[in-house]
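If you're wondering where the values come from, they're calculated on a predicted model, not measured in any experiment. Just follow the structure's listing: the first ligand is 1, and inside any ligand the first atom is 1.
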Amino acid sequence: MNEKIKFEKYLSERVLKLEESPTFALEKKVDALDSQLKEKGSYVVRFGIGQPDFNTPANIKDAAKQAIDENKTKYTASTGIKELKEAILDKFLRDNGLEYTTSNIVAGNGGKQVLDAIMRTFVNQGDAVLVPRPYWVSYTQQIVLSEGIPLEIDFNENLKIDMAHLRSLIKEHGRKIKLLILNSPGNPTGAVYNIEELREVAQVCLENDIFIISDEVYEKFIFGNSRHISIASLGKDIKDITLTVNAVSKTYAMTGWRIGYVAAHADIIAQMTKIQDQSMSNPCTPAQWAAVEALNGNQDSVEKMRLEYEKRRDYIYKRLNSIKGIKCSLPEGAFYVFPDVSGFYKGNVKNSFDFSSELLEKAYVAVVPGGAFGDDRFVRISYAASMDKIIEGMNRIEKFCKSLI
Ligand code: GLU
């Protein structure tokens, strides 16, 4: 073909409409800047993409090495090996009080791929999916990829679903709404839903035949008196309409291993399995064995990481609120803070995208603009970074903010 050919006219509307992932786009930019800075003896403080700075625990790495040595390197069932499904069943029972059988489980290539397969399983062209703002960046785009329509729900003063707005969206869009995405502890807010709030959401969904995707990947990182509750554990009827998504990525510092999973009604799983068969074959086999060890093995490393995240949260929250012009609420979980920086919007800095790119270019600190999560007043700071880096990053942010006043 001619070099000047306009490829776009041959490509699908679906892909052309899709936005780039802001977290991954930022990583590319930061990698490039960081290597330039390294030559000058400097570096970027990375508060961007949400991934644990800890290494995968040794027992988990050993299990993967052993699997490779034992030639456990072939195709498996597309939804995962029996041993992994059993480890997942034990986890749901132990941690969430949820009883399932292997016919209720799909293990896939990370929580993200599992979520995408769920969208494809449910969403017809023009179907609506309720997404509470602020939301993780890929939810809305995965809906778009399935040719559905994301319906954004406003949030209340606790950064959680505004129930009156949820009800009015249901009234307006009625049966076009198929799904609601719940994410507690939440990315980017760190907000954790309590039992009364979960009951209210469950009730509304039951009354209106709306299925719930409950993304619980941050369940283990919860602080103070907060407690994680799986919405599916609130009763049989709610369990039947809930797809509980989780992953080993955050809990065990295994982001690159790509193992996530979902538990749902067997009839949903049977249909979703066809998608896994046709699009993914199976999640990486040695990584599945590593995940078996992660879920069944000693859990001490998880508590160690949680304690460290809590210390960091407390520090960063105090530092942020001491900066004139920043307002930040205390997150109860995950490893993000979501400060309101809109007080600095003037001149060149008109929005969260400008604020983040100025902060990166001038102060060498990477954060994700709140606009990417559906609210432009904020930026997201991931504190999955060492305490040294957090102190340095906060010093840089403080100085940068002073320069904007
Ligand atoms: N979930 C992480 C984040 O929000 C990983 C990046 C991504 O998949 O978007 O940063």
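If you look at Thr23 next to ligand 1, the close heavy atoms, those under 4.0 Å, all belong to the side chain. Under 4.0 angstrom from ligand 1, there are no non-hydrogen atoms of Glu27. Proximity of Lys250 to ligand 1, defined as any heavy-atom pair under 4.0 Å, is confined to the side chain (atoms from C-beta onward). Only the side chain of Asn187 comes within 4.0 Å of ligand 1, judged by heavy-atom distances. The side chain of Tyr336, and not its backbone, has at least one atom closer than 4.0 Å to an atom of ligand 1 (non-hydrogen atoms only; side chain from C-beta on). Contact annotation for Gln51 and ligand 1: no heavy atom of the residue comes within less than 4.0 Å of the ligand.
Each of the atoms 7 (C), 8 (O) of ligand 1 lies under 4.0 Å from some heavy atom of Lys112. Taking every non-hydrogen atom of Trp136 and a distance limit under 4.0 Å, the qualifying atoms of ligand 1 come out as 1 (N), 3 (C), 4 (O), 7 (C), 8 (O), 9 (O). The atoms of ligand 1 that sit less than 4.0 Å from any heavy atom of Ile49 are 5 (C), 6 (C), 10 (O). Atoms of ligand 1 lying under 4.0 Å from at least one heavy atom of Phe24, given by number and element, are 6 (C), 7 (C), 8 (O).
The CH2 atom of Trp289 sits 14.0 Å away from the CH2 atom of Trp257 when rounded to the nearest 0.5 Å.
Defined by atom type and a distance below 3.5 Å, a donor-acceptor pair is missing between the side-chain atoms of Thr244 and Thr242. Using modelled atom types, one finds no donor on one side chain facing an acceptor on the other under 3.5 Å when comparing Asp388 with Ser386.
Judged by distance alone, with hydrogens and angles left aside, the side-chain atoms of Arg312 form a donor-acceptor pair with the main-chain N or O of Tyr383 at under 3.5 Å. The backbone N or O of Tyr193 sits less than 3.5 Å from a side-chain atom of Ser184, completing a donor-acceptor pair.
Checked by distance only, ligand 1 and Gly50 come closer than 3.5 Å through their nitrogen or oxygen atoms. Ligand 1 has an N or O atom lying under 3.5 Å from an N or O atom of Arg380, backbone or side chain.
Checked against Ser146 for a side chain to side chain contact (heavy atoms under 4.5 Å, CB included), the options Asn124, Thr121, Ile118, Val123 give a single hit: Val123. For the ring-ring contact (aromatic ring centres under 6.0 Å, His included) criterion with Phe335, the lone passing option out of Tyr309, Phe47, Phe54, Phe223 is Tyr309. Residue Tyr315 is tested with Arg313, Arg319, Lys311 for a side-chain hydrogen bond (donor to acceptor under 3.5 Å, both in side chains); the sole match is Arg319.
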